[in-house]
Number of protein chains: 2
Amino acid sequence: MPDIKHFDPDAALDTALRLFWRQGMATTGIQDIVTATGLNRSSLYATFGGKRELYLAALKRYVELRSGPKYRRLAEDGRGLPAVADFFDGLIAARCSGEHAGWGCMAVNAQAGAEYGDFEVRALLERHHQDLRDALRAALVAAEERGQLAPGVDPGPTADVLALLAHGVNLRSRAGADARALRATVTSALDSIGRSPAV
Amino acid sequence: MPDIKHFDPDAALDTALRLFWRQGMATTGIQDIVTATGLNRSSLYATFGGKRELYLAALKRYVELRSGPKYRRLAEDGRGLPAVADFFDGLIAARCSGEHAGWGCMAVNAQAGAEYGDFEVRALLERHHQDLRDALRAALVAAEERGQLAPGVDPGPTADVLALLAHGVNLRSRAGADARALRATVTSALDSIGRSPAV
DNA sequence: AGTATCCTGGAACCACGATTCCAGGATGGC
DNA sequence: GCCATCCTGGAATCGTGGTTCCAGGATACT
């Protein structure tokens, strides 16, 4: 091994990830990434290959490191509806405050944008959606076992409803939607599937 | 008036609209529009001004001519929940079949994309969302008056939930989601707010 | 019929997009 | 300490982006 990289590829990828997340792939130039990371074009290309590969790596990183853990925790949390409520609370907090406020969900953004033309992107996003759906369903099954669900509420379709709701939250958060308003909306949705609807 | 346009501006705008709708603003080039409309760059610029103005006009046209009528019909339909169900049926049909299958909603796409950086685009989309929300609320108020809603279901927050759900449907339709699956999801959501939940 | 006005066609313009290439420098094994 | 190997910096390349300009042609009023 004659020479070694003078920078941290993971850190660089994370910087690129943030740019793609906020601005989308089409409107983020290589120059933007060069400027933000501080490293040179040559190093970028030598390390990641090209813009498409870089975006793909960033999206994969997002799905695995940002979404993945949240979904896994939801799926493994056995408390039922409280777990679902906590999941949405965390989601709204992450979307409306802190460093990434107003950025939405990178995967949702990609789905609505032209990035979606890419075959591998499609596959990643499809799996991402299924992961969310499955995690919600696991939590709802737990809720059902604990008798938390109103009669006639089926975990499967309800998980689909909540997954679409989460997509909606992600989307609206980009518009700078108020966190309290989003929480109220989610609460209303969860109330209508819970055992004793809010009186 | 010495000379008159040799083409129909509305038809040209509609062609541009379809391109922007499908591909987004960033990835649609003026050349694409020139090719699709068959008319010349000069005519395009003389008529619409520039890419940004053209996109803005297309988006406004979309909101007024495509979304607007649907929302108005929903708001004025006094039947309550059946009106909401019909609205979603029509939405899913339009998103999953016909000429625009898999295109999603232009407004939703714009919200997730970089188009959203533009001030006027933001204003248009915000109003678009409010229109949807208001229409749903009007329909839910009618449902409440007719005693169609389950106890504890409030038209206001529920309209917010359904608006986010609609956004989710629009998003997923771009992924080529199955129309029947989407209908089942929507049915599940509507059942949980209706008077007698599916047994 | 003449003419001022506007529209059309095509080329030209300029900036910025992604990508590649080459020289120079640093590294680790022998 | 030498050398093959890889990394770095910056310039160069080539295509494409949006936009503008000008000559030629068509029009409607006088």
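Throughout, a chain's letter reflects where its sequence line sits, starting with A, and its residues are numbered from 1. Since the model is a prediction, treat every value here as computed from it, not as a measurement.
B/Gln31 has its CD atom 11 Å from the C1' atom of D/dG18, to the nearest Å. Here the P atom of nucleotide D/dG17 and the CG atom of B/Leu54 are 15 Å apart, to the nearest Å. Whole-Å rounding puts the A/Asn40 CG to C/dC22 P distance at 16 Å. The distance between atom CZ of B/Arg52 and atom P of D/dT19, rounded to the nearest whole Å, is 11 Å. Rounding to whole angstrom units, NZ of residue A/Lys5 and P of C/dG28 are separated by 14 Å. Rounded to a whole Å, the CD1 atom of A/Ile30 is 17 Å from the P atom of D/dT16.
Listed by residue number, the members of residues 7-28 of chain A with any heavy atom below 4.0 angstrom from DNA chain D are A/Phe7. Within residues 41-49 of chain A, the residues having any heavy atom closer than 4.0 Å to DNA chain C are, in order of number, A/Arg41, A/Ser42, A/Tyr45.
Residues passing the side chain to side chain contact (heavy atoms under 4.5 Å, CB included) test with A/Glu76, sequence neighbours excluded: A/Arg72. Under the side chain to side chain contact (heavy atoms under 4.5 Å, CB included) criterion, B/Asn40 pairs with B/Ser42, B/Ser43, sequence neighbours left out. Among residues two or more places apart in sequence or in another chain, the side chain to side chain contact (heavy atoms under 4.5 Å, CB included) test is passed with A/Ala83 by A/Leu74, A/Asp77, A/Arg79.
In terms of heavy-atom proximity, B/Phe20 sits nearest to B/Met25 at CD2-CA, 3.8 Å. Contact detail for A/Val34 and A/Thr37: the closest heavy-atom pair is O-OG1, 3.4 Å.
For the atom pair CG of A/Leu140 and CG of A/Leu81, the computed distance is 6.5 Å after rounding to the nearest 0.5 Å.
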Enumerate, atom names and distances included, each donor-acceptor pair closer than 3.5 Å involving a side-chain atom of residues 166-176 of chain A, sequence neighbours excluded.
| from | atom 1 | to | atom 2 | distance (Å) |
| --- | --- | --- | --- | --- |
| A/His167 | NE2 | A/His129 | ND1 | 3.0 |
| A/Asn170 | OD1 | A/Arg95 | NE | 2.6 |
| A/Asn170 | ND2 | A/Ala166 | O | 3.2 |
| A/Arg172 | NE | B/His129 | NE2 | 3.3 |
| A/Arg172 | NH2 | B/Glu126 | OE2 | 2.9 |
| A/Ser173 | OG | A/Asn170 | O | 2.7 |
| A/Arg174 | NE | B/Gln111 | O | 3.0 |
| A/Arg174 | NE | B/Ala112 | O | 3.4 |
| A/Arg174 | NH1 | A/Trp103 | O | 3.0 |
| A/Arg174 | NH2 | B/Ala112 | O | 3.4 |
| A/Arg174 | NH2 | B/Gly113 | O | 3.1 |

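Heavy-atom neighbours of A/Arg127 CZ from other residues, nucleotides or ligands within 6.0 Å: at or below the threshold of 12.
Map B/Lys51 and B/His6 each onto its nearest nucleotide of DNA chain D; the residue landing nearer the 5' end is B/Lys51.
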